[in-house]
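Input: a single structure, listed below in structure tokens.
Quick caveat, the model's predicted, so the values are computed rather than measured. To find a chain, count down the sequence lines: A is the first, B the second, and so on, and within it residues start at 1. We use all heavy atoms of the structure for the numbers below, so side chains are in, but hydrogens, waters and symmetry mates are not.
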Amino acid sequence: MKIATWNVNSIRQREQHVLSWLERNQPDILFLQEIKCTADQFPELGLRGLGYHAEIVGQKSYNGVAVLSRQPVGITHRALPGLPVDDAQARYIEVEADGMALAGIYLPNGNSGGAAGYAYKLAWMDKLAERAAELLAADIPLVITGDFNVCPEAQDLAPGALGPDDALVRPETRARYRRLLWLGLTDAVRSLHPTGPVWTFYDYQAAAFERDSGLRIDHALLSPTLAERLVSAAPDREERAKALPSDHVPVLVEIS
DNA sequence: ATGCCGGGTCCTACCCGA
């Protein structure tokens with residue numbers, strides 16, 4: 001089974017990139033982040049021709065997540081359980097497929113909005129951990145994948161790419177990511193590539209891609225029985241070299 | 001070493017991202 005995630009930075013700008021990538025990689029499920037549109041604005045994508053279904057949690061202008069799948073999936077949540085009911089940010093989609101729970105997330109960046117913006121990120125991570133614990137306690141095989149906006153360790157950012165106070169690397173951010181691992185989840189990419197750069201994001205500015213100055217912030221976390229079946233997990237760096245790319249590349253995980 | 005790039009929208013100057 002192939003599960004993928006990709007922050008596309010506007011699905012309307014990246015329609016052909018996504019179609020081409022689906023054709024070449026044939027994932028069973030692709031989670032999308034930052035689609036930056038409402039469900040009715042989501043492009044047709046020629047998905048029917050490729051045999052994909054789409055489920056969309058949209059929002060005007062910002063955020064927005066979706067899932068494309070070969071088989072129809074049942075949406076179980078359109079928002080992260082535990083957040084205030086008036087939270088309007090489209091950052092979470094959870095589906096059920098083959099007895100598994102799969103969550104696609106666009107975790108808040110946390111650098112804008114001052115102290116309140118960072119507090120929102122930490123609260124979001126707390127609720128994510130609660131949701132993961134709930135599913136693990138029920139012995140439901142679990143995948144959490146998406147744009148976490150977290151560089152888990154020092155080796156997950158190019159030297160000088162971010163300052164020490166950046167919301168992606170602050171100790172409180174990293175502690176909350178580690179809490180997810182301590183629940184028993186496995187970081188799929190890092191478990192197969194234990195050391196060194198495995199970038200999933202390159203800033204558009206300052207020729208970051210050409211300088212190989214990236215970040216590892218898009219992740220896939222697997223519950224134990226899925227981690228035991230992990231075959232491969234890696235970002236698709238080549239996608240960043242294409243014309244008019246997203247600043248994130250897809251991450252593809254294969255489970256036997 | 002940040003808003004230089006590249007999305008978005010009250011259509012065009014400004015907000016947001018990491």
What is the distance, to the nearest angstrom, from the [atom1] atom on [X] to the [atom2] atom on [N]?
| X | N | atom1 | atom2 | result |
| --- | --- | --- | --- | --- |
| Asp247(A) | dG17(B) | CG | C1' | 8 Å |
| Phe201(A) | dG17(B) | CZ | C1' | 8 Å |
| Leu162(A) | dT2(B) | CG | C1' | 11 Å |
| Gln59(A) | dT9(B) | CD | P | 12 Å |
| Leu107(A) | dG17(B) | CG | P | 13 Å |
| Leu215(A) | dG17(B) | CG | P | 15 Å |
| Ile35(A) | dG8(B) | CD1 | P | 12 Å |
| Asp166(A) | dG3(B) | CG | P | 13 Å |

Any [X] side-chain N or O less than 4.0 Å from OP1/OP2 of [N]:
| X | N | result |
| --- | --- | --- |
| Ser112(A) | dC16(B) | no |
| Asn109(A) | dG17(B) | no |
| Asn9(A) | dA18(B) | no |
| Arg14(A) | dG6(B) | no |
| His248(A) | dA18(B) | yes |
| Tyr202(A) | dG6(B) | no |

Exercise for review: Taking atom CD of Gln26(A) as the centre, report whether more than 12 heavy atoms of other residues, nucleotides or ligands fall under 6.0 Å from it.
Suggested key: yes

Exercise for review: For Asp98(A), look at atom CG and say whether over 12 heavy atoms of other residues, nucleotides or ligands are found less than 6.0 Å away.
Suggested key: no

How would you label the contact of [X] with the nucleic acid (heavy atoms, under 4.0 Å): base, sugar-phosphate, or nothing?
| X | result |
| --- | --- |
| Asp218(A) | nothing |
| Phe148(A) | nothing |
| Asn63(A) | nothing |

Practice item. Pick out which of Val8(A), Asn7(A), Thr5(A) makes a side chain to side chain contact (heavy atoms under 4.5 Å, CB included) with Leu32(A). Key: Val8(A)

Between [M] and [N], how far apart are the [atom1] atoms? Round to whole Å, please.
| N | M | atom1 | result |
| --- | --- | --- | --- |
| dG8(B) | dA18(B) | P | 14 Å |
| dT12(B) | dT2(B) | C1' | 23 Å |
| dC15(B) | dC10(B) | C1' | 12 Å |
| dC14(B) | dA1(B) | C1' | 22 Å |
| dC16(B) | dG3(B) | C1' | 10 Å |

Side chain of [X], heavy atoms from C-beta onward: which of [options] has the nearest atom to it?
| X | options | value |
| --- | --- | --- |
| Gln13(A) | dG6(B), dA18(B), dG8(B) | dG8(B) |
| Gln205(A) | dC4(B), dA18(B), dG8(B) | dC4(B) |
| Tyr62(A) | dC16(B), dA18(B), dT9(B) | dC16(B) |
| Gln41(A) | dG7(B), dT9(B), dG17(B) | dT9(B) |

Revision key, fill the gap. Assert: residue with more 5' nearest nucleotide on DNA chain B, out of Ser10(A) and Ile217(A), is Ser10(A)

Check your understanding: Does Asn111(A) or Arg12(A) map to a spot on DNA chain B nearer the 5' end, using the closest nucleotide for each?
Key -> Arg12(A)

Exercise for review: Run the salt-bridge test on Arg14(A) and Glu239(A) with the 4.0 Å N-O cut-off and return the result as yes or no.
Suggested key: no

Revision key, fill the gap. Contacts of Asp156(A) meeting salt bridge (Lys or Arg N to Asp or Glu O under 4.0 Å) (sequence neighbours excluded), chain-then-number -> Arg190(A), Arg216(A)

Dump every N/O contact between nucleotides 10-14 of chain B and the protein below 3.5 Å, one line per pair.
residue: dC10(B); atom: OP2; partner: Lys60(A); partner atom: NZ; Å: 3.3

If only atom types and distance count, is the side chain of [X] paired as donor or acceptor with the main-chain N or O of [Y] below 3.5 Å?
| X | Y | result |
| --- | --- | --- |
| Arg91(A) | Leu80(A) | no |
| Arg176(A) | Glu172(A) | yes |
| Tyr204(A) | Asp247(A) | yes |

Review point. CD1/Ile56(A) to OG1/Thr38(A) distance, rounded to the nearest 0.5 angstrom?
Key: 9.0 Å

